[in-house]
2 protein chains.
Amino acid sequence: MIRVLLAEDQGMIRGALASLLGLEPDIEVAGEAADGDEALAVAVKVRPDVALLDIEMPGADGLTACAKITERVPACRVMILTTFGRPGYLRTAMEAGAVAFLVKDSPARELAAAIRRVHAGERVIDPGLAAAALSAGPNPLSPRERDVLAAAADGSTIVDIAARLHLSEGTVRNYLSAAIQKTRARNRIEAVQRARTQGWL
Amino acid sequence: MIRVLLAEDQGMIRGALASLLGLEPDIEVAGEAADGDEALAVAVKVRPDVALLDIEMPGADGLTACAKITERVPACRVMILTTFGRPGYLRTAMEAGAVAFLVKDSPARELAAAIRRVHAGERVIDPGLAAAALSAGPNPLSPRERDVLAAAADGSTIVDIAARLHLSEGTVRNYLSAAIQKTRARNRIEAVQRARTQGWL
DNA sequence: CGTTGACCATGACATTTGTCAGATCACCCG
DNA sequence: CGGGTGATCTGACAAATGTCATGGTCAACG
């Protein structure tokens with residue numbers, strides 16, 4: 001019996017996935033969590049064989065939870081299940097110790113198959129996505145550039161960002177300009193979008 | 001037996017929801033679709049009692065499909081199941097003839113209950129969301145303002161938008177300015193975000 | 001130890017963006 | 001019919017944004 005921890009913030013999806021896994025005779029949902037912090041707590045308590053984590057969750061996201069679970073519960077093998085197959089997500093997931101990376105676009109039957117393969121010691125990664133992650137290269141944004149771009153993502157003005165990060169306005173403009181060029185964008189809006197689709201934010 | 005059509009683009013979620021509904025003795029998944037156009041075609045063919053439509057789908061979205069199914073298959077009662085409980089979505093869904101509006105955040109067990117209530121002739125709408133939709137009022141953006149804001153949403157520059165919509169640059173700036181004020185935003189980025197969260201785009 | 005390169009930080013300048021006042025047109029209502 | 005209302009469209013001006021040149025710090029490398 002493979003004991004699985006299921007972390008997904010949308011209740012209806014979590015329940016539906018639990019139902020899907022419940023059909024499998026050799027898989028058991030040993031715990032559920034609605035955010036990253038809860039996922040870690042439940043993983044520590046129930047010691048599952050496999051943790052299936054969504055990335056986009058409130059509070060600690062799935063990638064953060066992945067790193068913590070890998071550290072605190074090394075016997076638990078972590079799989080990422082996400083809506084967005086962004087190259088940067090895959091890269092971060094691998095660095096955080098994940099052994100599988102699935103996208104919700106895939107057919108439903110692949111989920112149980114992937115869990116069995118992971119439990120058997122394999123890694124499961126979509127080949128096309130792996131190629132995209134490798135060809136895209138690592139995140140080119142410096143930490144500060146990433147901070148500033150992330151702060152700009154919600155529509156804040158330069159003055160706001162400068163105040164929030166304790167920088168001069170000129171400095172903020174400079175980082176944004178650098179981010180715009182590194183993302184090959186024409187303005188901050190495009191820069192935010194490119195960075196998002198690459199998983200750099 | 002309640003015969004349900006399930007339209008959802010993410011294969012794994014579609015399969016999981018089908019599994020969830022398969023647990024119910026009085027509900028049968030009579031058809032599945034991965035986008036709005038397919039949903040209409042399948043609805044015409046299998047004549048389901050209830051259609052459960054996601055909104056965010058490639059091609060024709062769930063709201064468009066809702067209007068067409070309501071027109072072509074009047075016996076089929078349409079339910080919307082979406083990630084985002086945006087007031088404008090709810091309003092549009094009601095105008096398109098939907099009889100239920102569910103968000104994926106809700107607990108999984110509510111899905112089957114909602115389907116039964118809809119099949120019994122009731123409407124199912126989250127009271128809080130209904131209140132939000134009413135208090136937010138209708139979409140304040142004029143058609144042209146909406147066009148321009150939507151064109152600006154992907155980071156296009158004024159010149160691009162002007163060329164795409166065959167307008168002068170000053171006109172585009174003017175519409176954007178109007179949209180910024182109507183959304184109570186400080187710049188186009190905030191305006192796009194506010195409009196999105198309200199379901200106005 | 002010097003040099004190279006990356007990152008952090010800033011202000012001056014040019015470009016883009018947002019605001020305003022106004023013109024035209026269609027439509028509704030008294 | 002005529003006045004009012006709101007949508008569409010435009011150019012001039014003010015404000016915000018993006019670019020550039022520059023300097024400082026620090027770690028890596030020969």
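Hydrogens, waters and symmetry mates play no part in the numbers below; they use all other heavy atoms, side chains included. Chain naming here is simple, since letters A, B, ... match the order of the sequence lines and numbering starts at 1 in each.
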Discussion item. Run the side chain to side chain donor-acceptor pair (under 3.5 Å) test on A:S156 and A:R164 for me, step by step, so that the C-alpha distance in whole Å, both residues' side-chain angles and the decisive distance to 0.1 Å come before the verdict.
Written reply: CA-CA 10 Å; A:S156 298; A:R164 203 178 327 159; 2.7 Å; yes
Worksheet entry | Side-chain (A:N174) to main-chain (A:S177) donor-acceptor, under 3.5 angstrom | no
Worksheet item: What are the two closest non-hydrogen atoms of B:A39 and B:A7, and how far apart are they?
Response: CB-CB, 3.8 Å
Worksheet item: Would the number of heavy atoms belonging to other residues, nucleotides or ligands and lying under 6.0 Å from CZ of A:R47 be above 12?
Response: yes
Discussion item. Looking at every non-hydrogen atom in both residues, tell me the closest pair between B:A185 and B:A191 and how far apart they are.
Written reply: CB-N, 3.3 Å
Item to complete: Please work out which residues in residues 178-201 of chain A have a non-hydrogen atom less than 4.0 Å from an atom of DNA chain D and list them by number.
Response: A:Q181, A:N187, A:R188
Discussion item. Using a 4.0 Å heavy-atom cut-off, does A:S168 contact any base of the nucleic acid, only the sugar-phosphate backbone, or nothing at all?
Written reply: sugar-phosphate
Discussion item. Looking at B:E8 and B:Q10, would you say the former's side chain and the latter's main chain have a donor-acceptor pair under 3.5 Å?
Written reply: yes
Practice prompt. Under 4.0 Å between any heavy atoms, over every strand shown, what does A:R173 touch: base, sugar-phosphate, or nothing? Just pick one.
Written response: base
Discussion item. For B:D54, is there an ion pair with B:K104 - N to carboxylate O distance below 4.0 angstrom?
Written reply: yes
Discussion item. Of all nucleotides in DNA chain D that come within under 4.0 Å of a heavy atom of chain A, which is furthest toward the 5' end and which toward the 3' end?
Written reply: D:dT17 to D:dC20
Worksheet item: Counting distance only, does the side-chain N/O of A:T70 pair as donor-acceptor with the main-chain N or O of A:C66 below 3.5 Å?
Response: yes
Discussion item. What is the first contacted nucleotide of DNA chain C and what is the last, in 5' to 3' order, if contact means an atom lying under 4.0 angstrom from a heavy atom of chain B?
Written reply: C:dT17 to C:dC20
Worksheet item: Taking B:R3 for the side chain and B:A30 for the main chain, is one N or O donor matched with an acceptor at less than 3.5 Å?
Response: no
Item to complete: Name the nucleic acid region contacted by B:S142, choosing base, sugar-phosphate or nothing; use a 4.0 angstrom heavy-atom cut-off, strictly under.
Response: sugar-phosphate
Discussion item. Which heavy atom of B:A18 sits nearest to which heavy atom of B:L6, and what is that distance?
Written reply: N-CD2, 3.7 Å
Worksheet item: Between B:P140 and A:S156, which is nearer to the 5' end of DNA chain D once each is assigned its nearest nucleotide?
Response: B:P140
